[in-house]
Amino acid sequence: MGPQKMKKELFGTNGVRGVAGKEMTPKLVLSIGMALGSMRKGTIAVGMDTRTSGPALASAMKAGLMAAGCNVVDCGILPTPALQYIVRGRFAAGAMITASHNPPEYNGVKVIEADGTEMGDEETIALEQRIFTSDFSFAGWSDAGREDPGGSLVSGYVDAVVGAFPKGIGKGMTVVVDPGCGAAVNTTPRILSRLGCRVFTLNAQADGTFPGRLPEPSIEGLGPLAEMVRSTGAAFGIAHDGDADRAVFVDENGQYIEENVELALIADSICSRERGVVVTPVSSSRLVEEIARRHGSDTVYTPVGSIYVARTMIGLVENGTPVALGGEGNGGVIYPKFQFCRDGGMTAAMMVSLLSGQPRTLSGLVENLPAFHMIKDKIRIGDPSRIITTLVERYASESCDLTDGIRINRPDSWALVRPSGTEPLVRVMVESRDPDTARDLYQEIMAYISG
Ligand code: MG
């Protein structure tokens with residue numbers, strides 16, 4: 001019933017990416033702009049993260065759009081979810097110049113639809129076709145597009161996130177924000193201050209050389225955040241990826257919170273007061289499903305990729321099934337009451353709400369959850385689809401989910417084997433509450449893969 005993955009050439013799961021000046025050139029972005037402007041008529045909002053290559057690529061995008069007859073509104077530096085919020089119901093589309101969590105030398109484009117979601121597979125393939133065949137419709141002199149400034153629109157996003165919570169919900173709470181010199185430098189600290197929190201920041205200047213840490217908010221780069229959380233007595237620390245659609249946390253002791261645990265904690269809080277299913281990819285920990293079930297919420301699984309989660313959520317809502325929460329086990333949380341996309345700023349605010357009036361600390365809440373053991377691996381292999389076929393046959397008598405690769409579900413454990421979209425390899429994930437059970441299942445699967 002949900003969306004199926006379709007093969008794209010240029011675009012990956014979340015847009016086009018490449019090294020700036022090599023694969024990601026102004027020429028390519030210009031052609032994406034001309035193609036998008038030929039497909040979507042009207043006014044298109046353009047934004048970017050803080051990368052050094054951003055201004056040149058954003059200029060190319062705007063040139064392509066205007067040449068095709070679209071007006072553009074330049075929103076400047078802002079998070080991807082802020083651009084998504086701004087586009088929804090107001091513009092014909094959006095184009096975000098970002099490489100998300102990739103290293104500084106990368107850049108890319110995420111295309112946003114009028115409903116605020118990232119462009120789906122079918123439309124993206126149509127866009128690619130236009131690029132490959134240079135199928136552009138150019139405007140004549142009398143209807144060439146114009147550019148208007150849109151730098152102030154981001155305030156509307158900050159206001160809306162803040163407005164989704166009771167006034168002063170963060171009063172008395174100290175928090176530390178590490179936007180990693182990325183797109184959220186002007187949003188998340190403001191959001192948390194306006195919720196009433198006392199906010200400390202680090203890496204909070206826009207800087208595309210990313211001097212403090214890499215755009216991927218991994219444990220290795222979050223030592224200074226943990227340190228500042230401890231020294232300020234903060235309730236938690238939060239860090240974003242480069243375009244701030246994701247948010248990860250450290251607890252009051254500076255301890256990193258695994259992202260599946262983060263999603264489960266937020267699901268626990270939301271599902272305790274809102275009715276509806278939880279939507280998550282087949283790669284997510286069973287912890288999420290278990291926590292949702294405690295509140296009577298079912299879990300709906302999707303292919304791996306935030307856009308599949310978002311589109312499945314939209315489909316469910318359209319068919320009358322309430323959805324409480326969506327998200328991935330990588331810090332990408334989707335709160336459907338606000339918008340159908342991952343939103344790091346909203347996730348930060350949800351953490352404040354979760355802890356507000358809560359007698360337990362964040363580490364206490366984590367300790368209270370059941371522990372799961374996950375094994376992750378990737379195996380280079382010539383023909384990933386053949387392995388999947390083999391496993392489907394071998395496990396035909398068991399409960400299997402073929403949403404993305406194969407997920408074998410057992411009462412005490414599960415395993416996921418899925419082909420990479422871009423490389424000749426399969427990704428393997430195995431999980432159980434019991435480490436030995438996880439290891440046994442992992443070895444069983446590996447025997448089939450290498451055998
Ligand atoms: Mg991102």
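All residue numbers in this chain count up from 1 along the given sequence. Atoms within each ligand, like the ligands themselves, are counted from 1 in listed order.
At least one N/O/S atom of S100, whether from backbone or side chain, sits less than 2.8 Å from the Mg ion (ligand 1).
With the Mg ion (ligand 1) at the apex, D245 OD1 and D243 OD1 define an angle of roughly 90° (rounded to 10 degrees).
Residues N253 and Q255 bring no donor and acceptor atom of their side chains to less than 3.5 Å of each other.
Within D241, the N/O/S atom positioned nearest the Mg ion (ligand 1) carries the name OD2.
Here K378 does not pair with E423 in a salt bridge; the nearest charged N to carboxylate O distance is not below 4.0 Å. With salt bridges taken as basic N to acidic carboxylate O contacts below 4.0 Å, none links R17 and E23.
Using a distance-only test at 3.5 Å, with no hydrogens or angles considered, a donor-acceptor pair links the side chain of N107 to the main chain of T98.
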